[in-house]
Number of protein chains: 2
Amino acid sequence: MRTHNAVNSSASLHLTSVPTALGGPIAPSRGALRPLGLGDVTITGGLWGRMQELNADVIIDHCLGWMERIGWIANFDRASGAASGEHAGIEFVDSEVYKLLEAMAWELGRRPDAALEARYRAIVSRVAAAQDDDGYLHTSFGRAGQRPRYSDLEWGHELYCHGHLIQAAVARLRTGHDDELPAIARRLADHLHAEFGPDGRTAVCGHPEIEVALAEFARATGEARYLELARLFVERRGHGNLATTLFQGHEYFQDDVPVREAEVLRGHAVRALYLSAGAVDIAVETGDDELLAAVEAQYLRTIARRSYLTGGVGAHHQNEEFGDDFELPSDRAYAETCAAIASVMLSWRLLMQTGDAGYADQIERTLLNAVLVSPRADGRAFYYANTLHQRTAGVATDDDELSERAEASMRAPWFEVSCCPTNVARTLASVAGYFATTDGDGVQLHQYGSYTVDTTLDDGERFALRVESEYPNDGSVRVVVLAAPARLVHVSLRIPAWAHGRAEVAVTGAGSDSLPGRTTVATEGVFTLQRSFSAGDVMELRLPLEPRFSRAHPRVDAVRGQAAVERGPLVLALEDVDLPDGIDVEHVELDPTFAPVDDGDGAIVRLRHRTAPEDAWAYAPAATGFGELFTAKLRPYKDWANRGPSTMRVWMPVSGG
Amino acid sequence: MRTHNAVNSSASLHLTSVPTALGGPIAPSRGALRPLGLGDVTITGGLWGRMQELNADVIIDHCLGWMERIGWIANFDRASGAASGEHAGIEFVDSEVYKLLEAMAWELGRRPDAALEARYRAIVSRVAAAQDDDGYLHTSFGRAGQRPRYSDLEWGHELYCHGHLIQAAVARLRTGHDDELPAIARRLADHLHAEFGPDGRTAVCGHPEIEVALAEFARATGEARYLELARLFVERRGHGNLATTLFQGHEYFQDDVPVREAEVLRGHAVRALYLSAGAVDIAVETGDDELLAAVEAQYLRTIARRSYLTGGVGAHHQNEEFGDDFELPSDRAYAETCAAIASVMLSWRLLMQTGDAGYADQIERTLLNAVLVSPRADGRAFYYANTLHQRTAGVATDDDELSERAEASMRAPWFEVSCCPTNVARTLASVAGYFATTDGDGVQLHQYGSYTVDTTLDDGERFALRVESEYPNDGSVRVVVLAAPARLVHVSLRIPAWAHGRAEVAVTGAGSDSLPGRTTVATEGVFTLQRSFSAGDVMELRLPLEPRFSRAHPRVDAVRGQAAVERGPLVLALEDVDLPDGIDVEHVELDPTFAPVDDGDGAIVRLRHRTAPEDAWAYAPAATGFGELFTAKLRPYKDWANRGPSTMRVWMPVSGG
């Protein structure tokens, strides 16, 4: 066991006081790009518009309904003495209430609604009543009959819950309200600073989250002490001080190696990613470029070697952990929804720092495949783990039954550990925050769909665009200038990696002489047009969505001899409901000589039925039989299992290897 | 949740009173074949002789030393009041003491030794002192400060521990001693019958083991009540009565479907196999052929679809469970040593009932690969989980340090849950019991090596053979008749499936006119010679050990496009210590055009170095580079990681798919 426990304190804090301001999920004080907040970017339709409607109309209510029904919100009433009875649920269910409050705050910022506001305030009041006089707030520790505060830092998740409360307060501040929840969060953060700060105990929470929350809260409030505490939590980690168990070692907790010395993300995926996101925030605000570079290098290696085609991460069910490099089984992909969301959080932070469009590519891939696969089409059930290969048809879940386990083969309405539904809710409510940025002199469009950008550049001039697209179903993206300064400014369009060399841009309008006709964009990841724009100018981006075969790196043993099909940013999947009767996805091979054909929202491929005796020794030569070739449709992975239980696979064996 | 809880009681007991008699691990009262006990089969040398020496000289002492050192044996002193202090270790460590007592009993039966006998008796006395007046015996339940008896049937493992105590008593009875431990076991079994029998609570233990133990104890003592209790435990299972958790569902406990209705083994592998072994014993002794057929069908499907090339079973680290059909990842193979041993237990029972040599093949494969891989060459460290693919060099374990986790990448000296070392010890001590059988009119030789068979046929005549072989290193097996009745009797030699059509038998001696010269054996799994044997007659079996490529069923996605090499019954593996400097097993491909060349204890194959960029997106076309072809040696899988940490793989990517 490591005994070294020194805390690196070389980085000095230089957080500038940040006034409470409208914004999105993060607000770094420096970087290549700056986020545009939810006040500047408004989703108006398309896929993301429909998802936000589903969130507003169904998912948030669904989460609220379940948490009232099973007493997770009432835990606060019990804690405040307003109700009696035992604490309901596992010890960290407070965090689900907080993530839902965060979702509601973003939703209210996006579209104020008196009824939702009233419901929001009512819950906040119940939370407020449970706060202790010294600022501590947790419903399952510290009261009569409960374990003492901070008596189980490894597993109690107290600071994890605190972090989510603080994140909910950040969302409230960034949507223009410095009211009750931010006040609760300040009292809590002050308590934490006293308890765990420079003069407090040198401990960390088993599940990171407080780091990223405190860093953002420092940004949102201008309070440097919160950043300092976040920095201490990051620096204290990696010295083997969290107690390990039969099943969880130091690596599980990211307590094996200090953050700045690690080479790759490892251990529990959500923990690793939340910690990394916090480390980036702290590095940015303290000028700790060594730490920033370390986290970026770890994440790049993680993307390159430890992520699925969908962007999902965390290959192991056991401990919800990353696997080894290139250990990426399709059938045992854990690829937790929350890990995908955490990956988006980290990608976004690194995009702001570096301006590297590869991070925006990763956000797109992850959001569209690894996150959107979670909610069922009706928004009333969710995947927690996201396999890429379902060998046997799933078991239909009861929409009225709490799911004990994360590994339901069909989406479940709620889980005993239900981190994913509320994480989806807060992500959907704030997703516009990941669409566009500014560098002060122009606007960068990172994600496509139907939305408006209406912001003020550094010179105080308004720059407004309308983006129109049915992307990712359609590859056309139309950007209409609504208002622009009377000077040279620029608009940058991300060109996804799969479109390099094949994307086209056409510009029309008053200033179109600078770029006549249609232009094929070369292999760069960003197309930038600098000109003096006029209202009515139009940029038309055409991205080639023709479906394509994808093959994996030769070290990904799990999918050797297999291919997947992608259509634009969407990973497609084969479901047995799209196969002839009596054939499931376990008994087909893909014909690699037949190029997949675009079919609206999917692709047509050619397959053949394959059989071999299944009750003999599996490692002796067996006669394989093949049926006639036939065609079948692949559909977006994110939509799978919406037509009832089925078998499914993303990677298909290729005839002839 | 299932509510049906009826117990099938159609099977009637017809256990005949079995006198205490020398024997081996099991003693069924009917079947196609009958085991020869340890009094009849004596290992004299060869691989198994060396393994038994290692067990006697090192492994048993090693286990004893660790359990004294960390207080697991002293738990009995604490329970009896002879010592004070807290219970040491997890709540089911009693079972390790009992498994070691079982190993010592078999060892004493094999080769009486006064010093070992004294140590054995000393431990038994400490165990005896901890037994309660009513027969209950467990060191972590029921005393002041402990949880009440049977208050945690799902996880407490009380009856599991009881089962191992009873198995240890069976070993003592079968080696000719009806002394203190059998007496303890009788009192315990009587207590269990009162507590859980027809008039007791209708409950089962979360971890099966008591079933197989009680069935054998009934056989060894002739006490039908023990068999009846075992039958009740089997029949009560599968009705969803064990409480599930966040991570473990009914399937984990085999409590999802009644044993006689299941189609395949599933859930926790060791539990499933111990339960199945018990179910076979009960089916045999109660004439319940429906149950017998059900378990056999489940097991055949399990071998065909859910077992590794090594014979290992249990693909999931998560919950130590079986996976889906054909879900057999090499890199995440859990393949617990105990599950392999349990599989041998079940195969042996089914071999006795059916006479099907396929079960003896499976025993051979499993013992030589999935069990013998566990102990380190020096017998002082063990694998618990047995991967078939180590991507990164393991971490050397400290021979003085207790291993917290089962998943050590190198063998560890002892584990907090240390079921495997003692299971290896009891298996090695009794392994001769799996070598040969009789049908009353001759002898069947199922396993090869150097040993003698000296038994009495049903007519009371002596039949004695000496088997001489350095198998599996050498394919020659010489069977010399030492004594035979003056009438027609038969000797059967198993012909492993991989040798069908290529094995040869030559017979010499007085009666050799019946089978002149050398004969190639056809594709049958057994070669039987019936004749009037004379002392000095010799049968020479020659098994072709030339190494061969093995490929997997096309549904085993994990090893698509890969091949393994087997040499006789041994699975071979590639370790990076056998590769040129700078090349590990992650960066080679196998040349399938070069037939593997026999090289004594291994095989020479031709490989080439393969590289591809590892820090780019893993799902975009990447240029793969290949080095020169070179040859390298594969060695037996069971011996891997005996030369320091290394990378290893059984399945190798094949050039060109």
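The chains referred to below are lettered A, B, ... by the order of the sequence lines, with proteins before strands, and numbering in each begins at 1. Side-chain atoms are counted along with the backbone in the values below, which use heavy atoms only and exclude waters and symmetry mates.
Only the backbone of Asp325(A) comes within less than 4.5 Å of a heavy atom in chain B; its side chain stays farther off. Looking at Trp651(A), the atoms closer than 4.5 Å to chain B (heavy atoms on both sides) all sit in the side chain, from C-beta outward. Proximity to chain A (any heavy atom under 4.5 Å) is shown, for Ser403(B), by neither the backbone nor the side chain. For Asp361(B), no part lies under 4.5 angstrom from a heavy atom of chain A. At a 4.5 Å heavy-atom cutoff, the contact between Leu309(A) and chain B is made by backbone and side-chain atoms alike. Residue Val417(A) touches chain B through both its backbone and its side chain, counting heavy-atom pairs closer than 4.5 Å. For a residue to count as touching a neighbouring chain, one of its non-hydrogen atoms must lie under 4.5 Å from one of that chain's; by this rule Ala558(A) touches chain B with the backbone only. Of the atoms belonging to Pro329(A), not a single heavy atom falls under 4.5 Å from chain B. Neither the backbone nor the side chain of Arg306(A) comes within contact range of chain B; no heavy atoms are under 4.5 Å apart. Interface residue Asp557(B): backbone and side-chain heavy atoms are both found under 4.5 Å from chain A. Looking at Asp615(A), the atoms closer than 4.5 Å to chain B (heavy atoms on both sides) sit in the backbone and in the side chain alike. If you measure heavy-atom distances from Ala616(A) to chain B, the contacts under 4.5 Å come from the backbone alone. Heavy atoms of Phe326(A) lying under 4.5 Å from chain B belong to its backbone as well as its side chain.
Side chains of Glu296(A) and Tyr359(A): a donor-acceptor N/O pair is present below 3.5 angstrom, by distance only.
The greatest number of non-hydrogen atom pairs below 4.5 Å with chain A, out of Gln362(B), Arg610(B), Glu416(B), is found for Arg610(B). In terms of heavy-atom pairs under 4.5 Å with chain B, the best-connected choice from Gly323(A), Pro613(A), Ala564(A) is Pro613(A). Contact count against chain A (heavy-atom pairs under 4.5 Å) is highest for His587(B) among His587(B), Arg548(B), Glu566(B). Ranked by heavy-atom pairs under 4.5 Å with chain B, the first of Thr392(A), Ile90(A), Asp324(A), Ile303(A) is Asp324(A). Between chain A and the residues Glu327(B), Gln248(B), Glu586(B), the most heavy-atom pairs under 4.5 angstrom are made by Glu327(B). When Ala552(B), Pro554(B), Ala315(B) are compared by the number of non-hydrogen pairs under 4.5 Å with chain A, Pro554(B) comes out ahead.
The side chain to side chain contact (heavy atoms under 4.5 Å, CB included) with Tyr252(B) is formed by just one residue from the set Thr244(B), Leu242(B), Asn319(B); it is Asn319(B). A side-chain hydrogen bond (donor to acceptor under 3.5 Å, both in side chains) with Gln562(A) is found for one member of Arg551(A), Glu589(A), His389(A), Arg649(A) and no other, namely Arg649(A).
The CD atom of Glu401(B) lies 16.0 Å from the CH2 atom of Trp414(B); values are rounded to the nearest 0.5 Å. In this structure, Arg266(B) CZ and Asp256(B) CG are separated by 4.0 Å, a value rounded to the nearest 0.5 Å.
Pairs passing the ring pair (Phe, Tyr, Trp, His ring centres under 6.0 Å) check and including a residue from residues 301-325 of chain B, sequence neighbours excluded, read His317(B)-Tyr334(B).
Looking at every heavy atom in both residues, Arg555(B) comes nearest to Arg391(A) through O-NH1, 3.7 Å.
Formation of a donor-acceptor pair under 3.5 Å by the Ser330(A) side chain with backbone atoms of Leu388(A) is not found in this model.
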Step-by-step side chain to side chain contact (heavy atoms under 4.5 Å, CB included) determination, Arg365(B) to Trp617(A): CA-CA 12 Å; Arg365(B) 177 179 296 280; Trp617(A) 179 237; 3.2 Å; yes
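Residues Leu574(B) and Val588(B) have side chains in contact (heavy-atom distance under 4.5 Å, counting atoms from C-beta outward).
Listed by chain and number, the residues in a ring pair (Phe, Tyr, Trp, His ring centres under 6.0 Å) with Phe549(A) amount to none (sequence neighbours excluded).
By the 30° and 60° cut-offs, the orientation of the rings of Trp155(A) relative to His157(A) is tilted.
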